[in-house]
J.: 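Dropping a structure here in structure tokens format, bear with me for questions.
Since the structure is predicted, the reported quantities are computational estimates derived from the model, not experimental observations.
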Amino acid sequence: MSTAFLTLIAVIVCILFRILNVHSQPLKPSVWCLDAQFLDCLYKIAPVLREPYIPPRLWGFSGHVQTVLHSIVGRVRCPWPLGERVYMSLQDGSTLTYDLYQPLNEQEDDITVAICPGIANSSESVYIRTFVHLAQCNGYRCAVLNHIGALRSVQVTSTRIFTYGHTEDFAAMVEHLHQKYRQSRIVAVGFSLGGNLVTKYMGEDQKTKPNSVIGGISICQGYNAVEGTKWLLNWQNFRRFYLYIMTENVKSIILRHRHVLLSDEVKTRHNLNEREIIAAATLPELDEAYTRRVYNFPSTQELYKWSSSLFYFDSIKKPMIFINAKDDPLIPEDLLHPIKEYATTRQNTAYVEVAHGGHLGFYEGGFLYPNPVTWLDRTLVAMVGSLVMMQDVGKVAP
């Protein structure tokens, strides 16, 4: 065997080790929290935060692998929880749906987890199903918002789909749950884009929120769409590639419902050019050609500022827990500075940063094949219990 061939093999192995980040070691999550009593309650119900997060040994220390596997595979041995689909007609003519899942085990408290999925996702997304099943097994009722346009089986009936900052759909679901289950306490949980929507909803002064909403949990959001889109537009850490995938997902929803969203009347009313929408290669291009026009914004920058949860932090009145992974390829560390500062200056707020996990991955255990339940699933269920306990002990007024 030639020296050149051995050298090539050695280089390939070194590159793989570099990409997979196998030299890393499991680390405990870092927590930013000003409120000692809040933090103590969080640790008491979620002791997983005091323990190292152990990803799959071979590939779990790579944020890219975790993110890609989450996007393609979702979860291993994923259950399919049984629920009912609720249909609602909104004032703008939209048909909103959410899936409702009853608890599988009895619990003294009546708790409803209101879930807002990530971009273009729904109750049928694998990571949502896994979390719902685990929450059901722990005695929680779950309601999952189906972003308008995301379900193939539900037709779009108005001239819009979901977007980054439109919280009215989530608010309508929460209000409907409040009316349906008067004795239930509601915890809002949002993933990625859903985390932004939940946080923005909690901080919107003009929206009257039911007293039954006791707090919220946000996972893997970027907080600031104005700055976030600038990072996504460069190729560093392959962010432009991930942006392209997200753009195609949103574009496919628009084109799937083009007979409603891109009818001649709608194109004339909002000055839409179908060719520009089809040709859009990035979300900013798609938002310029479609989203900001449909939502009547003068520019995409105005749309992004209105959408960003960062600008609603100061008006949040309920307890909040935020989670991000340091190796998330979509969310650079620069976007995480504001939430760290916020968590260290506000009561009833905690920010949890995990060294590994990627974007919504957080696979756990094993060498090659991970556990069916992820670290994120286990932690979220415990955090819901923490928010309930904090209200029970009188730390947070209802």
J.: Distance-only, no hydrogens or angles: does the Gln102 side chain make a donor-acceptor pair with backbone N or O of Gly83 under 3.5 Å?
T.: no
J.: Would you call Glu288 and Arg293 a salt bridge, taking side-chain N to carboxylate O under 4.0 Å as the test?
T.: yes
J.: Following the transitive rule for hydrophobic clusters with a side-chain heavy-atom cut-off under 4.5 Å over Ile, Leu, Val, Met, Phe, Trp and Tyr, establish whether Ile278 and Ile254 coincide in one cluster.
T.: yes
J.: Is it possible for you to check whether Lys207 lies under 6.0 Å from the centre of the six-membered ring of Tyr201, through NZ or CZ, and within 45° of that ring's axis?
T.: no
J.: Please tell me whether Tyr53 and His356 form a close aromatic pair, meaning their ring centres lie under 6.0 Å apart.
T.: no
J.: Taking 4.0 angstrom as the limit, do Arg85 and Glu124 come out as a salt bridge?
T.: yes
J.: If you count heavy atoms of other groups shown closer than 6.0 angstrom to OH of Tyr244, is the number above 12?
T.: no
J.: Distance from Asn224 atom CG to Gln221 atom CD, nearest 0.5 Å?
T.: 10.0 Å
J.: Under 6.0 Å between ring centres: does that hold for Tyr342 and Trp32?
T.: no
J.: Give a yes or no on whether a salt bridge exists between Asp287 and Arg292, defined as a side-chain N under 4.0 angstrom from a carboxylate O.
T.: no
J.: Please say whether more than 12 non-hydrogen atoms of neighbouring residues, nucleotides or ligands are located less than 6.0 Å from CD in Glu84.
T.: yes
J.: Would you say the side chain of Trp375 lies within less than 4.5 Å of the side chain of Leu380, judging by non-hydrogen atoms?
T.: no
J.: Which value, rounded to the nearest 0.5 Å, describes the distance between Gln183 atom CD and Ile111 atom CD1?
T.: 11.5 Å
J.: Does the ring of Tyr43 carry Arg50 above it, NZ/CZ under 6.0 angstrom from centre and within 45° of its axis?
T.: yes
J.: Would you please indicate yes or no on a ring centroid separation below 6.0 angstrom for Tyr101 and His133?
T.: no
J.: To the nearest 0.5 angstrom, please state how far the CD1 atom of Ile148 sits from the OG atom of Ser158.
T.: 5.5 Å
J.: Could you check whether any side-chain N or O of Asn249 sits under 3.5 Å from a backbone N or O of Ala120, counting only pairs where one atom can act as donor and the other as acceptor?
T.: no
J.: Any idea how Phe238 and His64 line up, ring-wise: parallel (<30°), tilted (30 to 60°), or perpendicular (>60°)?
T.: perpendicular
J.: CD of Glu106: more than 12 outside heavy atoms within 6.0 angstrom?
T.: no
J.: Taking CD in Glu341 as the centre, count heavy atoms belonging to other residues, nucleotides or ligands within less than 6.0 Å. Is the count above 12?
T.: no
J.: Given side-chain hydrogen bond (donor to acceptor under 3.5 Å, both in side chains), test Gln155 with Thr95 step by step and report yes or no.
T.: CA-CA 8 Å; Gln155 291 297 311; Thr95 298; over 6 Å; no
J.: So do Ile217 and Leu387 actually touch side chain to side chain, heavy atoms under 4.5 Å?
T.: yes
J.: Does atom NZ of Lys326 have more than 12 heavy-atom neighbours, drawn from other residues, nucleotides or ligands, at distances under 6.0 Å?
T.: no
J.: Is it the case that the side chain of Arg239 and the backbone of Pro329 share a donor-acceptor pair, with hydrogens and angles ignored and the cut-off at 3.5 Å?
T.: yes
J.: Does Asn348 use its side chain to pair, donor to acceptor, with the backbone of Phe38 at less than 3.5 Å?
T.: no
J.: Centre of Tyr351's six-membered ring, under 6.0 Å away, within 45 degrees of the axis: is that where NZ or CZ of Lys340 sits?
T.: no
J.: Which residue, Thr112, Val86, Val213, forms the side chain to side chain contact (heavy atoms under 4.5 Å, CB included) with Leu177?
T.: Thr112
J.: Within the supplied structure, the quantity of interest is the number of heavy atoms (other residues, nucleotides, ligands) at a distance under 6.0 Å from Arg182 CZ; does it exceed 12?
T.: yes
J.: Is it the case that over 12 heavy atoms from other parts of the model lie below 6.0 angstrom from the CZ atom of Arg152?
T.: no
J.: Whether Arg160 engages the ring of Tyr295 as a cation-pi pair (distance to the six-membered ring centre under 6.0 angstrom, angle to the ring normal within 45°) should be assessed.
T.: no
J.: Taking His147 as the fixed residue, which of Phe191, Phe170, Phe162, Tyr164 is the one that meets the ring-ring contact (aromatic ring centres under 6.0 Å, His included) rule?
T.: Phe162
J.: Please tell me if the side chains of Trp231 and Leu330 come closer than 4.5 Å, counting only heavy atoms from C-beta onward.
T.: no
J.: Is a side-chain N or O of Asn146 found less than 3.5 angstrom from the main chain of Ser123, in a donor-acceptor match?
T.: yes
